[in-house]
Amino acid sequence: KEEDNVDLPIINILAKSNNYSLRAAIAIHPSAPSEILKILSNDEYEVVKDGLAYRQLPKEWNSLDDYEKIERLEEEEEEISLETLEIFVKSSNWRIREAIAKNKTTPLSILHKLAYDKDTDVCKLAQNLLLPEEWKGIDENDEKFKKLKETNVSEKILELLAGSPNEEIREYIVNNNNININTLNILSNDQDYEIKRIAQNRLLPKDWKELNSDEINDKLNENKTPLE
């Protein structure tokens, strides 16, 4: 149980500890002053940044450790506030994000965010909760993917599948004629270089699409306004 009041010299020492778990504990501690929190906001460890974010949680959640948070997020029958879920959905702990997806009261807006999660299991879980029955589990089903390529799929389904951990599916979507601007924007930040390049190119105006890098640089220089 954390003490509400810890002397500032102790806070200052622990905030510089080589142990990231101690820095994370300081990040969430009520005695930590703003100047220390500002320093910790640039910490290289995500768990420390989690601690800073968790300061915004209601006290009933703030006092729980990660295991207790996960258990409650999975089993809570009453609707959890959107503000609380918005904090947890950004947690670096994938099990916390997974627990949110497993909770039956989680709203669609949060599930949509988890459908693009960087963790494969969390992403698949959220997508399968949102997809129509015929597309559930498409990441691991060659027959369903074959059907996807032969079907005129709606923009909404394509947008959802743009978060798929399956690179082949994302590559198909980025080249699909039914894709909308929002989906192209999602794929323009894709981790795969070629998918990212195609999405960015499709977002460009027609007269920019066929230009190579040198030609784009020339065009940018032509339109450069001198600084005063």
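In this text, all values refer to a predicted model and were calculated from it rather than measured experimentally.
Across all their heavy atoms, I11 and A32 have their closest contact at CG2-CA, 4.2 Å. Across every non-hydrogen atom of P33 and L8, the tightest pair is CG-CD1, 3.5 Å. Of all heavy-atom pairs between K49 and D43, the closest is CE-O, 3.0 Å. Looking at every heavy atom in both residues, A53 comes nearest to I87 through O-CG2, 3.8 Å. Nearest approach of N62 to Y54, heavy atoms of both residues: ND2-O, 3.3 Å. Of all heavy-atom pairs between S81 and T84, the closest is OG-OG1, 2.8 Å.
With sequence neighbours excluded, the residues that form a side chain to side chain donor-acceptor pair (under 3.5 Å) with E194 are R197. Checked against salt bridge (Lys or Arg N to Asp or Glu O under 4.0 Å), E140 has the following partners two or more places apart in sequence or in another chain: K124.
Under the 3.5 Å distance criterion, the side-chain polar atoms of T151 are matched with a main-chain donor or acceptor of K147. A donor-acceptor pair under 3.5 Å is absent between the side-chain atoms of R170 and the main chain of G163, judged by distance alone. Between the side chain of K69 and the backbone N or O of L64, at least one donor-acceptor pair lies under 3.5 Å. Between the side chain of K136 and the main chain of L131, a donor-acceptor pair closer than 3.5 Å is present. With hydrogens and angles disregarded, a donor-acceptor distance shorter than 3.5 Å links the side chain of Q200 to the backbone of S188. Of the possible donor and acceptor atoms, one in the side chain of N103 sits under 3.5 Å from a partner among the backbone N and O of L73. Using a distance-only test at 3.5 Å, with no hydrogens or angles considered, no donor-acceptor pair links the side chain of K196 to the main chain of L187. No donor-acceptor pair closer than 3.5 Å links the side chain of D7 to the backbone N or O of I10. Listed for the Q127 side chain is a donor-acceptor partner under 3.5 Å among the backbone atoms of A115. A donor-acceptor pair under 3.5 Å links the side-chain atoms of R23 to the main chain of S17, judged by distance alone.
W94 and L125 fall into different hydrophobic clusters, where Ile, Leu, Val, Met, Phe, Trp and Tyr residues are linked whenever their side-chain heavy atoms come under 4.5 Å apart, directly or through other members. When the side chains of ILVMFWY residues are joined at heavy-atom separations under 4.5 Å, either directly or via intervening members, I110 and L108 end up in two distinct hydrophobic clusters. Hydrophobic clustering keeps I198 apart from I186 (ILVMFWY residues linked when any side-chain heavy atoms are closer than 4.5 Å, directly or through intermediates). Hydrophobic clustering of Ile, Leu, Val, Met, Phe, Trp and Tyr side chains at less than 4.5 Å, counting indirect connections, unites L85 with I96. Under the 4.5 Å side-chain heavy-atom criterion for ILVMFWY residues, no single connected hydrophobic cluster contains both I173 and Y193.
Counting heavy atoms from C-beta on, the side chains of E76 and E78 come closer than 4.5 Å. E86 is listed as a side-chain neighbour of K113, based on a closest heavy-atom distance under 4.5 Å. Residues L82 and P107 form a side-chain contact, since some pair of their non-hydrogen atoms from C-beta on lies under 4.5 Å apart. Side-chain contact between D192 and E171 is absent, with no heavy atoms from C-beta onward closer than 4.5 Å. Side-chain contact between Y116 and E159 is present, with heavy atoms from C-beta onward closer than 4.5 Å. Two residues are said to be in side-chain contact when any heavy atoms from C-beta on lie closer than 4.5 Å; V153 and L148 meet this criterion. With contacts defined as side-chain heavy-atom distances shorter than 4.5 Å, the pair C123/L114 does not qualify. By the 4.5 Å heavy-atom criterion applied to side chains, E35 and K38 are not counted as neighbours.
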Test log, rule side chain to side chain donor-acceptor pair (under 3.5 Å), inputs N19 and S21: CA-CA 5 Å; N19 187 329; S21 66; 2.5 Å; yes
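Using the six-membered ring where Trp is involved, Y172 and F145 have ring planes that are perpendicular, over 60° apart on the 30 and 60° scheme.
By the 6.0 Å contact criterion, CD on E79 is open, its count of non-hydrogen atoms from other residues, nucleotides or ligands being 12 or less.
The side chain to side chain contact (heavy atoms under 4.5 Å, CB included) test with I179 is passed by exactly one of I181, N175, T183: T183. With I169 as the fixed residue, the side chain to side chain contact (heavy atoms under 4.5 Å, CB included) test singles out one of L158, D139, V174: D139. Only one option out of D66, D50, D117 pairs with R97 in a salt bridge (Lys or Arg N to Asp or Glu O under 4.0 Å); it is D117.
Here CG of L184 is found 11.5 Å from CG of D190. Values are rounded to the nearest 0.5 Å. Rounding to the nearest 0.5 angstrom, the gap separating the CZ atom in R202 from the CG atom in L204 is 12.0 Å. Atom CD1 of I195 sits about 10.0 Å away from atom CD of E168, to the nearest 0.5 Å. Here the CG atom belonging to D65 is positioned 8.5 Å from the CD1 atom belonging to I70, to the nearest 0.5 angstrom. With rounding to the nearest 0.5 Å, the separation of CG in L40 from CG in L37 is 6.5 Å. Put simply, CG on L111 and CG on L130 are 5.0 Å apart, with the number rounded to the nearest 0.5 Å.
You'll find the ring centres of W61 and F88 inside the 6.0 Å limit.
A salt bridge is defined here as a Lys NZ or Arg NE, NH1 or NH2 lying under 4.0 Å from an Asp or Glu carboxylate O, and E60 with R72 meets this definition.
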